[in-house]
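Notes follow once the structure below has been shown.
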Amino acid sequence: MNPFNNTSHGTQMSANTSTFDNPTRASDYFGCMTFSGDTMLKRLPSDVFAKLQRTMSQGTSLDPAIANTVAVAMKDWAIEHGATHYCHWFQPLTGITAEKHDAFLNPMSDGSAIEQFSGNQLVIGEPDASSFPSGGIRDTYEARGYTAWDATSPAFLLRNPSGITTLCIPTAFVSWTGEALDKKTPLLRSIQALSKQAMRILKIFGHDAGVSHVVGTLGCEQEYFLVEREQAEQRLDLMMTGRTMMGANPPKGHQLDDHYFGAIPDRVLTFMAEVEARLFELGVPAKTRHNEVAPSQYELAPMFENANIAVDHQMITMQVLRMVARKYGFECLIHEKPFAGINGSGKHNNWSMSTSTGINLLDPRADTHTNMQFLVFLTAVIRAVDLHADMLRASIASAANDHRLGANEAPPAIMSIFLGDMLTDILDQLQTGSPKKTKTGGELDLGATSLPHIPRHASDRNRTSPFAFTGNKFEFRAVGSTSAVAWPNTVLNTIVTESIDFLATELEKKAGKNPSAAKLEAAVKAVLKENIKAHRRVCFDGDGYGEAWHKEAEKRGLPNLRSTAESLSAFSTKKARDVFAKYQVLNARELEARYEVLVENYCTVIGIETRTIIQMVRTQILPAGLRTQEELATTVGATLAADVDCAETQADLRHYVGLVNDLRVSVAELEKLAAKHHKDHAIEMRFLHDNIVPATARVRAACDALERVTPDDNWPLPTYAEMLLMK
């Protein structure tokens, strides 16, 4: 089976059948809550089904004539499954999804009511565009916006824990001016641009017969924490920011490596089974579940799909995780760093390209040194990451991800590519001449006759690389766990499109029209050699955590944009404007809007975190400290009154008073800094990063020091040990 085919309809998977209405096999419920596949075939006339299927599979324009027929069938199907309302489900620049519910029931002039859903209601919606982030595209008084049905992504039924069911129709969201106000519109444009340029490469190699287009393929692993909801609700920081703003490290973290891939706790396993069941119903091909590195940290991974569908499914996955967690008494924390000093959470973005006929264009296959088409696509990715490392880094920048990159198994902020021994060896051969061989891994003899000899890969894996080749795809490991992956994939598609365009043009120049096999091979090797030499500096197979790599990367001229404040300016450069405009992914105004939204979001998040920690210190931590200080002072006074020596207790009191005073000083300093503001968002972002973030860290350090010596019955918050280890 080709893992890059879109297998979200008809894949056989096992699950806990107790969650369902006694299905006999997985195919009975897989995707049963999506309007696609067999559902469409049964409910639509054959000609309508064929036209809609063509739009969904090939991205062709939707025939307006079929909209009413599809709408009626979709409405009847939804109502039969208990839906009373529908919504245009879209991804505004907030980073989450949005939906406005409308009832199917329409009142009539005679006092009766009918269930109605027209083609126009299916295709077009009109939400308020001024109430969403627009980066200046819309002012408050300019309210009109439109949602437009994305027929390439299946509509689905979302049922909440109370059983209320809503028909969700994936849509794009644009301004009255036609400018994109969402994350889906530029993603679809980037997929289209990638296809156009990739088809040029296929044509050069004569491999375009029967191929109508090329799609990006995607599989996003999702890491998350589960904590008791009752404990989470006792922490203002978790409720307001998604992370703990304070908390002393527990005596045991993940030092013993005993949680990773360990036995899944019973209640967690039951939760996972229901999550998978709901995702299967929604057509999301969830495949893998396991304990992650940190205590109470877990991971879910799906199979690969068409990138546009995978992006929608990823947003659904986060929503289902949070929704089901509460049913089992958990709070699902998807923040990149909910606990300081503990392994952070990412969303490994496994990306590749596939033809409409199901051929993975990043599959090296056997005798890779002869697979020149693969090497061209590989080199295009290398060139793209080298030339546009700043934009790739900025695509995953956020206040939350700043806490994770470079710490506790997260890759560093330096964008580099891991290729592995086999591909590195082929690049060496290309640079010095013509490749003659492909390095193989051989077999491993495990030394026990009862164990089989197992094939050994030609290359190891590298967990410290932010962008690693992992056999037949690239794993963009730097993407944060809360990220809406449409944006990083839009950036990735666009920069790779630019490089494919460049290489295709070079090959066409060197090979000419209708080249012989020998001339084409010579042209390919020449182009590959030139580009590998020019861009190989971005390839690094060593330890990305080591200080030596940071020094080496600086020598190579690779950017090291450690923070969001440093990296977001990549989207305000002429280079960025030119590449997005050239491939019609974003015009200058749309790109500038995204830069403004990202900067404003950073400032807003830091502002919320600052106010949260100040409130917690003033209303919870300082009162607890003063209460403990008073108890210690009372003990000292009573002991001295009894004429008993208590020098050590007096020393404890002096030490504790010092810690309370440290906290007073640090929070007062933070309050003073927080009172300063700048009208210019870019200046405000730098100020927050350079001043507020370090000041907040000092307040946290003072809180954590106090927590370590405050009696448990006086400390007002659930501790790390209680939340992570004491279930």
Side-chain angles (χ1 to χ4, degrees), residues 1-11 31 36 56-59 150 152-154 170 183-184 186-199 201-202 207-208 210-222 279 283-288 300-317 347-365 371 373-374 376-378 380-381 384-385 392 395 467-477 479 483-497 499-500:
M1 177 187 294
N2 182 346
F4 286 89
N5 279 335
N6 178 8
T7 56
S8 62
H9 308 293
T11 302
S36 58
M56 295 184 70
S57 62
Q58 299 180 19
D150 171 21
T152 63
S153 183
K183 300 196 174 187
K184 166 157 286 199
L187 174 69
L188 292 172
R189 294 171 182 170
S190 73
I191 291 170
Q192 182 173 294
L194 181 69
S195 176
K196 180 179 178 180
Q197 299 305 324
M199 288 295 292
I201 299 294
L202 296 182
H207 295 160
D208 61 333
V211 178
S212 61
H213 61 285
V214 169
V215 298
T217 56
L218 188 63
C220 293
E221 304 165 32
Q222 178 70 62
L279 291 177
V284 182
K287 181 172 176 62
T288 302
L300 179 154
M303 293 177 67
F304 297 93
E305 302 180 273
N306 176 302
N308 179 42
I309 297 174
V311 163
D312 286 356
H313 282 172
Q314 221 295 306
M315 301 303 290
I316 293 171
T317 296
K347 184 178 293 178
H348 303 163
N349 191 94
N350 294 282
W351 174 92
S352 188
M353 298 170 282
S354 176
T355 68
S356 58
T357 56
I359 304 301
N360 176 14
L361 298 176
L362 287 180
D363 184 355
R365 303 183 188 177
N371 190 348
Q373 179 178 283
F374 160 77
V376 169
F377 282 113
L378 176 73
V381 176
V385 175
L392 197 61
S395 75
F467 202 82
F469 187 78
T470 54
N472 58 5
K473 62 189 183 300
F474 278 98
E475 184 178 20
F476 191 10
R477 294 178 55 85
V479 179
S483 175
V485 294
W487 179 234
N489 282 284
T490 296
V491 174
L492 180 55
N493 288 343
T494 304
I495 64 176
V496 171
T497 294
S499 280
I500 293 174

Heavy-atom pair with the smallest gap, counting every atom of [X] and [Y]:
X: Asn472; Y: Ser352; answer: O-OG, 3.5 Å
X: Pro285; Y: Gly283; answer: CD-O, 3.4 Å
X: Met353; Y: Asn360; answer: O-OD1, 3.2 Å
X: Leu194; Y: Thr497; answer: CA-OG1, 3.1 Å
X: Leu392; Y: Ile495; answer: CD1-CD1, 4.1 Å
X: Ser499; Y: Ala380; answer: CB-O, 3.2 Å

[X] (side chain) donor-acceptor with [Y] (main chain) under 3.5 angstrom:
X: His207; Y: Ile201; result: no
X: Ser195; Y: Ile191; result: no
X: Ser356; Y: Ser212; result: yes

Heavy-atom distance under 4.5 Å between the side chains of [X] and [Y], does that happen here?
X: Val381; Y: Phe469; result: no
X: Ser395; Y: Phe476; result: yes
X: Thr355; Y: Asp208; result: no
X: His313; Y: Ser153; result: no
X: Leu378; Y: Phe474; result: yes
X: Gln197; Y: Val214; result: no
X: Asn371; Y: Asp363; result: no
X: Leu492; Y: Phe467; result: yes

How many angstroms lie between atom [atom1] of [X] and atom [atom2] of [Y], to the nearest 0.5 angstrom?
X: Ser354; Y: Lys473; atom1: OG; atom2: NZ; answer: 14.0 Å
X: Leu187; Y: Asn489; atom1: CG; atom2: CG; answer: 6.5 Å
X: Thr217; Y: Asn308; atom1: OG1; atom2: CG; answer: 13.0 Å
X: Met315; Y: Lys183; atom1: CE; atom2: NZ; answer: 7.5 Å
X: Phe304; Y: Asn350; atom1: CZ; atom2: CG; answer: 4.5 Å

Among Thr152, Ile309, Asn306, the one residue meeting side-chain contact (heavy atoms from CB on, under 4.5 Å) with Val215
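The option that passes is Asn306.
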Verdict with reasoning, Met199 to Val211, per side-chain contact (heavy atoms from CB on, under 4.5 Å)
CA-CA 8 Å; Met199 288 295 292; Val211 178; 3.7 Å; yes
Over 12 non-hydrogen atoms of neighbours within 6.0 angstrom of CD in Gln373:
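Yes, CD of Gln373 has more than 12 neighbouring heavy atoms, counting only those of other groups under 6.0 Å.
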Test side-chain contact (heavy atoms from CB on, under 4.5 Å) applied to Thr288 and Glu221, step by step:
CA-CA 9 Å; Thr288 302; Glu221 304 165 32; over 6 Å; no
Apply side-chain contact (heavy atoms from CB on, under 4.5 Å) to Leu279 and Leu300, showing your working.
CA-CA 11 Å; Leu279 291 177; Leu300 179 154; 3.9 Å; yes
Arg365 vs Phe374, side-chain contact (heavy atoms from CB on, under 4.5 Å): CA-CA, chis, key distance, verdict
CA-CA 9 Å; Arg365 303 183 188 177; Phe374 160 77; over 6 Å; no
Report the residues that fulfil side chain to side chain donor-acceptor pair (under 3.5 Å) with Gln222, sequence neighbours left out, ordered by chain and then residue number.
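Gln222 satisfies side chain to side chain donor-acceptor pair (under 3.5 Å) with Gln314, Lys347 only.
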